Amino acid sequence: MNFSAVITTLPLSSQHLRVYCYVVHDQSVSISGARAHTHREKEHTQRKKEREIFCFMDIHSLLWFRKGLRLHDNPALHKACEGAKYVYPVFVLDPWFLAPDLSAPSPGSSRVGVNRIRFLLQSLKDLDHGLQARGSRLLLLKGDPTSIIPELLKKWNIRRLCFEFDTEPYAQARDNKVKEAALKLGVGVFSPISHTIFDPQETIRKNGGTPPLTYQSFCKLIGKAPVPIGDAPSSIPLPEDFNGAKLVDLPSLNDLGYNNLEQEEYTPFPGGESEALTRLEQSLKDKNWVVEFEKPKGDPTAFIKPATTVLSPYLKFGCLSARLFYTRLKEIYSQSKTYTKPPVSLEGQLLWREFFYTASYGTPNFDRMTGNPICKQIPWKDDDHLLDLWREGRTGFPWIDAAMVQLRKWGWMHHLARHAVACFLTRGDLFVYWEKGRDVFDRLLIDSDWAINNGNWMWLSASSFFYQYHRIYSPLTFGKKYDPQGKFVRHFLPVLKDMPSAYIYEPWTAPLEVQRKARCIIGRDYPKPVVDHSVASKQCMEMMKAAYALDKETEGQPSLEDIDALKKKLQGKQLQTKDATAAGQTKRKNEKESSSSSGRSTKQQRKMTDYK
DNA sequence: CGAGACGTTGCTACG
DNA sequence: GCGTAGCAACGTCTC
């Protein structure tokens, strides 16, 4: 038989899937995304055709896990099992992500902190358990998946390769390589959308080719959410022989080379689908809490019992299906007379995730300032000293530092704490590149998610989505508002545990006598503040104003010379930040610019097409 | 085209 | 303790 393959789109069990399908003798079945009724018909024909093909052979499916580390609501798994003689469930451990980097500022690889590596290992273990309960197991291999997967396709005589669609550029490059190899071998590739609720490409198409950049317009575009599919088949056929493939055991952290971990406190959130489902049930148990949830009202300093669900790491790895979460929420809302609404509600939180996935999928260079059509060009400082202080929790602002220590130890912070430290590093105080802070989050957060992380850093640095740069979080009063006693600070910064509450957020203002009594001399045991916030924040606002003006003047594409000139101009106005305790006075002058204006939307459209 | 409303989560002062 | 006004003032969307 002569096979060739084409890309097409067809619905499977009402889920829209992007798949590669077999076609016989180039009889491609092309299905336009517009008409659902013809979909169904053609789906039927397609399936019939497939059955005709497959009935002549024993189907071996390879189910490639990357994210989507779950058995519930997993369309790739269902597809792999469909009529298959054998299913090979594979995960490839990529040393690029896992090998210890001793030069890194905290334990972990160069890309991933040890908390997230542990979370992944736990998730894999749980996935293996789930598969074993169905007569299968997780097959682990080590190396570069783009070479390993094609080898396995040959070795195992695979006819069908299934994996969840992934929007990240890194994943796209990886998956395209594997797809290409698979198609050359005549292997059918099925890549359903199940990491997000909605199909980002579909939303972009509905919006006319570019992603919606406001939450409201995004919400208007999305239709009804697809519902989860059922649980995994109760039996998944595992072959007895692996034809010499180099399978490895699930490594421990120790095996990976993380053997001298002397950290005194680890993340309290273990990975895995079982944990995710338990956590989901616990979160949804209190129906009043669910229907009254309003994100901005949460307490970022609550750490014994966090103010949010902390389901984000489970969504990140796909231990929990976003569709399932969404459906469960809707059920609970439907039983209540009143319930909060997006953007602040729990449903709203899931939609934010969708929003950023869509924005990131349709925006070139989404993770950079330069070459990113939606990102304001701002002359951020490239100051590694300031960056180090921030990352290490040594800025001298206890609220900021405690949050950064929580990030390092737990791999998690409350959303508002993330706001506070991100604002502080960028437009609020230190004026350091948002990409630098993004990298730190990306490595350390157990829920670190490429689309959401980059989107939020642009948001917080007022580089995109959000532009009210004069609204700056105070590193002195923001934490105090929620936790006047400073319990959060005392927990994560034990050096300050005996500092009286009156000084806990501004310990440098404590009289020396008080500092002595608290056994914490500022400048010796705990750093002096790196900037005078009242001065620094005003300078930042000025810089933002000038940068916005230049951005507008140059239609979002200032030349390097423009940026340099602006930097020079601004540097003259910056005060010394070294000894901020000796509060300097500001001298400011308002230089007015004559700026030409032009429509932003058309500009963005132009820039978008420039990069295509 | 221009005006006005609005935007997930700012701050301080004041009643 | 909580809600509100004033602060200064961005871009986007709608009418």
Side-chain angles (χ1 to χ4, degrees), chain A residues 207-208 210-221 292-302 307-308 312 339-356 359 373-378 399-400 403 413-424 426-429 452 455-456 458-484 505 533-538 540-553 555-556 588 590 592-593 595 597-605 607:
Chain A
N207 197 47
T210 57
L213 295 177
T214 65
Y215 187 77
Q216 305 291 350
S217 56
F218 172 80
C219 289
K220 276 181 201 155
L221 284 169
E292 284 166 15
F293 183 90
E294 283 179 69
K295 185 69 156 282
K297 291 199 176 153
D299 174 0
T301 67
T308 54
S312 55
Y339 51 93
T340 53
K341 302 276 156 63
V344 295
S345 63
L346 277 175
E347 178 195 359
Q349 305 315 301
L350 277 173
L351 294 181
W352 277 108
R353 180 173 178 272
E354 302 289 319
F355 171 75
F356 283 124
I374 67 167
C375 186
K376 292 263 189 209
Q377 306 299 303
I378 293 165
W399 157 239
I400 299 297
M413 283 189 270
H414 185 275
H415 190 68
L416 288 177
R418 301 181 194 200
H419 277 219
V421 300
C423 180
F424 184 86
T426 58
R427 67 181 170 84
D429 290 87
I452 301 171
N456 272 311
M458 277 191 269
W459 187 294
L460 262 299
S461 62
S463 295
S464 195
F465 307 111
F466 171 87
Y467 307 99
Q468 287 158 284
Y469 58 75
H470 45 272
R471 291 191 185 173
I472 292 175
Y473 292 90
S474 166
L476 309 171
T477 60
F478 190 72
K480 197 190 284 182
K481 199 163 59 181
Y482 300 95
D483 180 16
Y505 288 98
H533 172 67
S534 65
V535 176
S537 58
K538 287 188 184 78
C540 282
M541 280 193 263
E542 268 192 76
M543 294 194 269
M544 290 300 284
K545 185 173 183 166
Y548 269 39
L550 179 65
D551 189 271
K552 204 169 183 178
E553 207 176 289
E555 300 201 342
R588 265 167 297 128
N590 245 358
K592 278 278 152 271
E593 71 300 276
S595 62
S597 59
S598 74
R600 173 88 187 166
S601 53
T602 55
K603 176 184 27 157
Q604 185 201 312
Q605 209 82 16
K607 280 166 73 185

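The chains referred to below are lettered A, B, ... by the order of the sequence lines, with proteins before strands, and numbering in each begins at 1. Nothing here was measured: the structure is a model prediction, and the numbers come from that model.
A:Lys220 comes within 4.0 angstrom of sugar-phosphate atoms only, judged by non-hydrogen atoms across all strands, and of no base. Using a 4.0 Å heavy-atom criterion, one finds that A:Glu294 contacts no nucleic acid atom at all. Among the protein residues, A:Ser345 comes within range of no part of the nucleic acid, since none of its heavy atoms lies under 4.0 Å from any strand.
Across all strands shown, nothing is found opposite C:dA9 as a Watson-Crick or G-U wobble partner with both distances under 3.5 Å. Remark: B:dC14 base-pairs with C:dG3; criterion is Watson-Crick or G-U wobble with both hydrogen-bond distances under 3.5 Å. The partner of B:dT9 cannot be assigned: no Watson-Crick or G-U wobble pair with both contacts below 3.5 Å exists in any strand.
Where DNA chain B meets chain A (any atom under 4.0 Å from a heavy atom), the bounding nucleotides read 5' to 3' are B:dG7 to B:dT12.
The ring-ring contact (aromatic ring centres under 6.0 Å, His included) test with A:Phe465 singles out one residue from A:Phe356, A:Phe218, A:Trp352, and that residue is A:Phe356.
One atom, CD1 of A:Ile472, and another, P of C:dC10, lie 14 Å apart when rounded to the nearest Å. One interatomic measurement links the two molecules: OH of A:Tyr469 to P of C:dG11, which rounds to 7 Å at whole-angstrom precision. The distance from atom CZ of A:Phe355 to atom P of C:dT12 is 12 Å, rounded to the nearest whole Å. Following rounding to the nearest Å, A:Asp551 (CG) and C:dC10 (P) show an atom-to-atom distance of 14 Å. Between the CE atom of A:Met544 and the C1' atom of C:dA8 there is a distance of 15 Å, rounded to whole Å. As rounded to whole Å, 8 Å separates atom C1' of C:dT12 from atom OH of A:Tyr467. Here the P atom of nucleotide C:dG1 and the CG atom of A:Asp483 are 13 Å apart, to the nearest Å. Separating the NZ atom of A:Lys481 from the P atom of C:dC2 is a distance of 12 Å, rounded to the nearest angstrom.
Taking the ring axis of A:Tyr469 as reference, the NZ or CZ atom of A:Lys545 does not stay both within 45° of it and closer than 6.0 Å to the ring centre. Both tests do not hold together for A:Lys480 against A:Phe478: distance to the six-membered ring centre under 6.0 Å, angle to the ring axis within 45°.
Looking at A:Asp483, its side chain never comes within 3.5 Å of a backbone N or O of A:Gly479 through a donor-acceptor pair. Proximity of a side-chain donor or acceptor of A:Gln377 to a complementary backbone N or O of A:Cys375 within less than 3.5 Å is detected. A:Arg427 contributes no side-chain N or O that, together with a main-chain N or O of A:Cys540, makes up a donor-acceptor pair within less than 3.5 Å. Looking only at distances, a side-chain donor or acceptor of A:Lys538 sits under 3.5 Å from a matching main-chain atom of A:Ser534.
For the P atom pair drawn from B:dT8 and C:dA8, the interatomic distance equals 24 Å after rounding to whole Å. Taking the P atoms as reference points, B:dC6 lies 15 Å from C:dA5, given to the whole Å.
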